[in-house]
J.: 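Sharing a structure, written as structure tokens. Questions coming.
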Amino acid sequence: MAAPSERPDGRGRARDPLPDDTLPLRLSAPRTPSAVLPGDGEQHAPPPPAGAEPEPKGGAGRLAKSSALMAAGTIVSRITGFLRTLVMAAAIGVSTLSDSYQVANVLPTMIYVLVGGGALNAVFVPQLVRAMKRDEDGGEAYANRLLTLVAVALAGATVVCVLGAPLLVRTLSPDIAGDPSRMALTVAFARYCLPTMFFMGVHVVLGQILNARGRFGAMMWTPVLNNVVTIATFATFIWAFGGFTDSGVSPSTVTPEGVRLLGLGTLLGLVVQALAMLPYLRDAGVRLRPRFDFRGQGLGKAMGLAKWTLLFVLANQIGMTVVTQLATKAGAAAERAGHTGAGFTSYTYAYQIWQMPQAIITVSVMTAVLPRISRAAQEDDTAAVRDDLSYGLRTSAVAIVPCAFAFLALGVPMAGLLYASSGTEGAQSIGHALMAFGLGLIPYSAQYVVLRGFYAYEDTRTPFSNTVVVALVNAVASWLCSALLPAQWAVTGMAASYGLGFAVGIAVAWRRLRNRLGGELDGRRVLRTYARLSAAAAPAALAAGVLATVLRHTVGGDALGSLVALLAGAVVLLGGFLLLARLFRVPELDAMLAMVRGRLGR
């Protein structure tokens, strides 16, 4: 694989190439829970702590073991999270009832992140690590103060939000507020879901205390328990009331017992997730006790440092609020016109499938590269920063580009297979949204990599301003789709708008980072890689899409027909892409294939 090397002009230090084994899943530190539709994904991966030290010599085995444990936990968490959405769709479909649940369920996450979730990772965790090194008690008192502060703040916010649930629902979706039955239902769901933000914050703080002590597994694995509880809750709903295709449950027909079951199950999942951290803390020798002596302990200074992070999160949430309002309105209008499943839930489920390649592949690649970038930035070695960013962009593109075209070509059969239990029309709406998201995966992933360059220089202001650009473009384009497109296609247009926002965002971020690095960012080499990969993927995707469409019309649009179309299309797309990419001589793909062959031969 092409790797950074010493520049021929003598600028930059000689550097060891990144080994091929950096390509498998190597995931970043546990993430702050984020809203279902983050503004640009950055809430998921905060900047690294300033002054972070490389792993001491002799600790490589421990680091590899921790990385493998984190990767496995994240993969299982994402798989069970995806299974959770399938069971949800089977229970309550993807119509206006599901929209009400999704709006209520996203509220606590939005408020949690606004209250301080972003600041926890970006500011307080580095402070916690420093306290471990500086304080005689290993940072235990600081950790208890932080936990007490977060618990008190979130407890107060939870009480206020539960009391103000009607106002929050009205803000997030005026369309729901205009329908008395849907409003009452959504407020009822919200009052069960809003307390989860307290347990989100407790889980994150406890997890970061463990991370600071080198215990990474709990933070990655405990969300699996949340997913299992939620899956069991919705499965119980199906057992008690029937699946959506049989019951046709709606906001006007769902029973109070059904609402109570779903609400309490959602809350219980987060409670179990948070409480499951306690045995790990006890094993690590951490003693938890409330500490209210906040003054003079550096917490106020840390809050001041969080300014740009908080503004960053605020911009994300404003953009999300606009999309939620428009999507719920479009879904209700489409349902009145006889088209079910074309609302916020379809947008959400499509997004969850679409962002998985970036969340696993791009984050994994950059986790391996990020320490090198940070050290190079501290040493003012712009050539090394440039080389590693180029490496991250080109390496992740090998998988991201074909995935993007696969969503474009096979989104409908993919959703038709996965969400068949929600009804054919609802599954097809998810598939159309997934197709529209499709190519936006490329700029979405690229911006994630480029913004790491700013974080390496401890610059959080530029990512904030870039987020404003992305959110503004997304909001304006989504509004135009809502105003101009038929209601059943509005959400599909909003999904395309999301990718458009990142296309503009990466253009702005690229120019700013290029200027920061002295006017050069290896642009020709990066663009050549993306162009060759796209040229290989496009005709393969076209052939796969045509074949899948023909098969779905021939075999049928149900789960069986979707499975046949998806399998046949995937074979054509993958085979065609690999053949053309080899003809176009993409060195990054050759290196990845060589690595895979080497591993299979072991």
Side-chain angles (χ1 to χ4, degrees), residues 80-105 176 179 181-182 184-186 188-189 192-193 227-266 268-269 328 331-350 352-353 412-434 488 491 552 555-566:
T80 54
F82 182 66
L83 292 175
R84 179 182 63 187
T85 67
L86 297 183
V87 179
M88 285 180 177
I92 59 176
V94 294
S95 59
T96 51
L97 171 61
S98 183
D99 281 2
S100 291
Y101 175 81
Q102 294 295 340
V103 167
N105 198 29
I176 288 178
D179 183 330
S181 63
R182 291 182 68 200
L185 173 66
T186 310
F189 276 138
Y192 286 112
C193 293
N227 291 332
V228 169
V229 171
T230 306
I231 289 171
T233 297
F234 279 83
T236 303
F237 185 92
I238 294 173
W239 174 79
F241 303 102
F244 178 76
T245 53
D246 295 325
S247 68
V249 64
S250 68
S252 60
T253 61
V254 64
T255 65
E257 292 79 12
V259 173
R260 190 179 305 118
L261 170 63
L262 298 183
L264 287 175
T266 301
L268 179 62
T328 52
E335 191 159 307
R336 288 193 295 270
H339 303 282
T340 60
F344 182 57
T345 300
S346 294
Y347 187 100
T348 301
Y349 287 173
Q352 290 174 344
I353 300 172
V412 170
M414 194 178 299
L417 173 63
L418 296 173
Y419 293 99
S421 59
S422 67
T424 303
E425 190 170 11
Q428 188 163 307
S429 295
I430 298 172
H432 289 150
L434 185 56
Q488 66 267 31
V491 163
R552 288 188 82 247
V555 181
D558 58 3
L560 177 61
S562 296
L563 174 62
V564 172
L566 181 60

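Because the structure is predicted, anything quoted here is derived from the model rather than measured.
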J.: Is there a side-chain contact between Leu268 and Thr233, using heavy atoms and a 4.5 Å cut-off?
T.: no
J.: Kindly indicate whether the side chain of Gln352, heavy atoms from C-beta on, has any atom under 4.5 Å from the side chain of Thr348.
T.: yes
J.: Below 3.5 Å, can you tabulate the donor-acceptor pairs from side chains in residues 255-266 to any protein atom, sequence neighbours excluded?
T.:
from, atom 1, to, atom 2, distance (Å)
Thr255, OG1, Gly258, N, 3.0
Thr266, OG1, Tyr101, OH, 2.6
Thr266, OG1, Leu262, O, 2.8

J.: Taking all atoms of both residues into account, what is the closest heavy-atom pair of Glu425 and Gly338, and its distance?
T.: OE2-O, 3.9 Å
J.: Which atom names give the shortest non-hydrogen contact between Ile353 and Met414, and what distance separates them?
T.: CG2-SD, 4.2 Å
J.: Does the Thr85 side chain pair with the main chain of Phe82, one donor and one acceptor, at a distance under 3.5 Å?
T.: yes
J.: Check Pro413 against Ser562 and note the closest heavy-atom contact, atom names and distance.
T.: O-CB, 3.4 Å
J.: Can you measure from OG1 (Thr96) to CZ (Arg336) and round to the nearest 0.5 angstrom?
T.: 10.0 Å
J.: Could you check whether any side-chain N or O of Thr245 sits under 3.5 Å from a backbone N or O of Gly423, counting only pairs where one atom can act as donor and the other as acceptor?
T.: no
J.: Do Ser95 and Glu335 pass the side chain to side chain contact (heavy atoms under 4.5 Å, CB included) test, and can you show the C-alpha distance, the side-chain angles, and the key distance before you say yes or no?
T.: CA-CA 8 Å; Ser95 59; Glu335 191 159 307; 3.3 Å; yes
J.: Can you tell me how far CG of Asn227 sits from CG of Leu83, rounded to the nearest 0.5 angstrom?
T.: 8.5 Å
J.: Can you tell me how far the OH atom of Tyr419 sits from the CG atom of Leu434, to the nearest 0.5 Å?
T.: 9.5 Å
J.: To the nearest 0.5 angstrom, please state how far the OH atom of Tyr349 sits from the CG atom of Leu86.
T.: 8.5 Å
J.: Closest heavy-atom contact between Ala420 and Ala427?
T.: N-CB, 4.5 Å
J.: Output, in order, the C-alpha distance, side-chain angles, deciding distance and verdict of side chain to side chain contact (heavy atoms under 4.5 Å, CB included) for Phe237 and Val87.
T.: CA-CA 10 Å; Phe237 185 92; Val87 179; over 6 Å; no
J.: I need the minimum non-hydrogen distance between Phe189 and Ala104, along with the two atoms involved.
T.: CB-CB, 3.4 Å
J.: Testing the 3.5 Å rule here: is there a donor-acceptor pair between the side chains of Ser346 and Ser429?
T.: no
J.: Evaluate the side-chain proximity of Phe344 to Ile176: yes if any heavy-atom separation is below 4.5 Å, no if none is.
T.: no
J.: To the nearest 0.5 angstrom, please state how far the OG atom of Ser421 sits from the CD1 atom of Ile238.
T.: 7.0 Å
J.: How close do Ala559 and Leu417 get, counting heavy atoms only, and between which atoms?
T.: O-CD1, 3.7 Å
J.: Under 3.5 Å, side chain of Thr253 to main-chain N/O of Val249, donor-acceptor pair present?
T.: no
J.: Supply the atom-to-atom distance Arg182 CZ to Thr328 OG1, rounded to the nearest 0.5 angstrom.
T.: 6.5 Å
J.: Which residues pass the ring pair (Phe, Tyr, Trp, His ring centres under 6.0 Å) test with His432, sequence neighbours left out?
T.: Trp489
